[in-house]
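Some notes on the structure that comes next.
Just so it is clear, the structure is predicted and the values come from calculations on it, not from any experiment. Note on naming: letters A, B, ... go to the chains in the order of the sequence lines (proteins, then strands), and numbering restarts at 1 for each one.
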Amino acid sequence: MQITSVIDAAQKLPRAFYDRDPITVAGELLGKVLVHAVDAVPRVGRIVEVEAYLGPHDLAAHSSRGLTERTKVMFGPPGHAYVYLIYGLHCCMNVVTEREGQASAVLLRALEPVHNLDGRTQGPGLLCRAMGIDRKCNAHDLLSGDLYVAAPPLAAGAKAPVIVRRPRIGVDYAGHWARRLLRFYINGNPFISRP
DNA sequence: CTCCGGATTCGT
DNA sequence: CGAATCCGGAGT
């Protein structure tokens with residue numbers, strides 16, 4: 001069966017992948033696949049757009065307000081999902097990066113649908129809705145459950161995608177941090193949330 | 001306890 | 001451009 005073969009061929013990323021600085025992780029997440037099994041049906045999307053949030057010194061990062069009930073997952077060990085509710089309406093998913101205490105993460109902003117995805121996937125809220133990700137997924141270990149990121153099999157002769165770096169979206173309150181080039185996406189991909 | 005505003009999306 | 005809609009975080 002096609003779906004099973006794709007997932008079997010994919011390789012769940014190890015803890016060490018996430019235990020690096022968020023800029024490196026952000027760039028390398030592009031092209032990986034996000035998988036979430038909902039009612040035993042695996043939903044799969046290719047990550048095409050992300051943003052890096054560097055830590056407490058980054059005024060756009062939630063962790064800049066210190067360790068709180070909401071942000072404690074960001075302060076925890078790498079390879080976990082940080083999922084939060086935004087504007088009372090939508091969920092956003094991050095992967096936690098770096099060692100415990102560093103409080104950095106990468107926000108997943110857009111997916112290219114691969115399997116079992118209905119509706120749009122361009123934008124962090126729409127991505128979570130299509131993947132069936134909500135706050136119950138917060139703090140989920142990406143190494144031990146049915147929500148994870150995997151490396152898809154390398155397509156023969158595939159050329160490396162060109163990665164574009166731009167300022168992050170929706171963080172104008174963060175002063176000069178809003179201008180840092182911490183949004184990454186695959187050049188020309190039609191599933192980017194915004195040009 | 002009250003109040004404010006958001007790493008968004010949709011419709012006008 | 002403004003509404004929707006909830007809750008974490010900060011202040012009283």
Side-chain angles (χ1 to χ4, degrees), chain A residues 18 20-30 32 34 36 43 45-76 78-98 101-113 117-140 142 147 149 163-186 189-195:
Chain A
Y18 302 101
R20 298 178 295 166
D21 77 88
I23 292 177
T24 300
V25 175
E28 294 193 17
L29 275 175
L30 296 177
K32 301 293 191 294
L34 178 66
H36 186 208
R43 303 184 187 187
R46 181 170 173 250
I47 299 170
V48 298
E49 177 183 346
V50 298
E51 285 176 358
Y53 288 85
L54 306 192
H57 57 293
D58 174 2
L59 294 185
H62 291 167
S63 54
S64 67
R65 310 209 176 238
L67 200 167
T68 66
E69 185 58 31
R70 181 173 67 148
T71 62
K72 63 183 180 186
V73 179
M74 277 187 82
F75 284 83
H80 291 252
Y82 167 45
V83 181
Y84 67 94
L85 183 68
I86 184 67
Y87 296 109
L89 297 168
H90 314 286
C91 288
C92 296
M93 173 178 168
N94 301 250
V95 300
V96 176
T97 55
E98 296 185 291
Q102 288 300 101
S104 60
V106 176
L107 171 71
L108 306 183
R109 284 197 56 92
L111 300 178
E112 177 179 332
L117 286 184
D118 295 324
R120 286 178 296 156
T121 53
Q122 41 196 286
L126 294 171
L127 176 160
C128 282
R129 177 206 287 249
M131 288 293 293
I133 293 165
D134 58 23
R135 280 172 302 165
K136 292 190 295 293
C137 300
N138 188 41
H140 186 99
L142 301 176
L147 173 63
V149 183
I163 296 177
V164 180
R165 293 183 61 161
R166 291 283 183 269
R168 292 172 294 186
I169 291 175
V171 296
D172 292 341
Y173 57 83
H176 72 277
W177 285 98
R179 289 195 278 277
R180 292 283 303 271
L181 302 180
L182 295 174
R183 174 182 177 225
F184 300 71
Y185 62 83
I186 296 177
N189 188 281
F191 295 93
I192 296 308
S193 66
R194 309 192 201 179

A/Arg168 side chain to A/Trp177 main-chain N or O, any donor-acceptor pair under 3.5 Å?
yes

Any side-chain donor-acceptor pair under 3.5 Å between A/Ser104 and A/Thr97?
yes

Touch class at under 4.0 angstrom, heavy-atom based, for A/Arg129 against every strand present:
nothing

Over how many whole Å does the gap from A/Glu49 atom CD to B/dA7 atom C1' extend?
12 Å

When you measure from the side chain of A/Leu89, which nucleotide among B/dT8, C/dA4, C/dC7 comes out closest?
C/dA4

Using atom CG of A/Leu59 as one end and atom P of B/dG5 as the other, report the distance to the nearest whole Å.
17 Å

With the side chain defined as heavy atoms from C-beta on, A/Arg70 is closest, among B/dA7, C/dG8, B/dT9, to C/dG8

Looking only at B/dC10, C/dC6, B/dA7, the nucleotide nearest the A/Arg120 side chain is B/dC10

Under 4.0 angstrom, heavy atoms only, what part of the nucleic acid is A/Arg194 near: base, sugar-phosphate, or nothing?
nothing

I need the CG-P distance between A/Asp134 and C/dC6, as an integer number of Å.
15 Å

Backbone N or O of A/Ala103 within a donor-acceptor pair of the A/Ser63 side chain at under 3.5 Å?
yes

Do we see A/Tyr87 stacking on the base of B/dG6, given a limit of 5.5 Å between centres and 30° between planes?
no

A/Leu108 CG to B/dA7 P: how many Å, rounded?
16 Å

Under a 3.5 Å limit on both distances, the Watson-Crick or wobble mate of C/dT5 is none

Heavy atoms of other groups near A/Arg165 CZ, more than 12 under 6.0 Å:
yes

In whole angstroms, how far is the P atom of B/dT8 from the OH atom of A/Tyr173?
8 Å

Return the nucleotide paired to B/dA7: Watson-Crick means purine N1 to pyrimidine N3 with N6-O4 or O6-N4, wobble means G-U with N1-O2 and O6-N3, both under 3.5 Å.
none

Looking at A/Arg109, I'd like to know whether one of its side-chain N or O atoms comes within less than 4.0 Å of OP1 or OP2 on B/dT8.
yes

Exam field: side chain A/Asn94 to backbone A/Tyr82, donor-acceptor pair closer than 3.5 Å:
yes

For A/Met93, report the nucleic acid contact type (base, sugar-phosphate, nothing); a contact means any heavy atom under 4.0 Å.
nothing

Look at atom CZ of A/Arg129 and say whether more than 12 heavy atoms of other residues, nucleotides or ligands are closer to it than 6.0 Å.
no

In whole Å, I'd like the distance from the OH atom of A/Tyr185 to the P atom of B/dA7.
21 Å

Give the rounded distance in Å between these two atoms: NE2 of A/His90 and C1' of C/dA4.
8 Å

Mind calculating the distance between CD1 (A/Ile86) and P (B/dT9) to the nearest angstrom?
10 Å

Just to be sure I understand the rule, does A/Arg65 reach a base, reach only the sugar-phosphate, or reach nothing, if contact means heavy atoms closer than 4.0 Å?
sugar-phosphate

Among C/dC7, B/dA7, B/dT8, which is the nearest nucleotide to the side chain of A/His62?
B/dA7

Under 4.0 Å between any heavy atoms, over every strand shown, what does A/Leu107 touch: base, sugar-phosphate, or nothing? Just pick one.
base

Any base atoms under 4.0 Å from A/Glu69, or only sugar-phosphate, or nothing? Heavy atoms, all strands.
sugar-phosphate

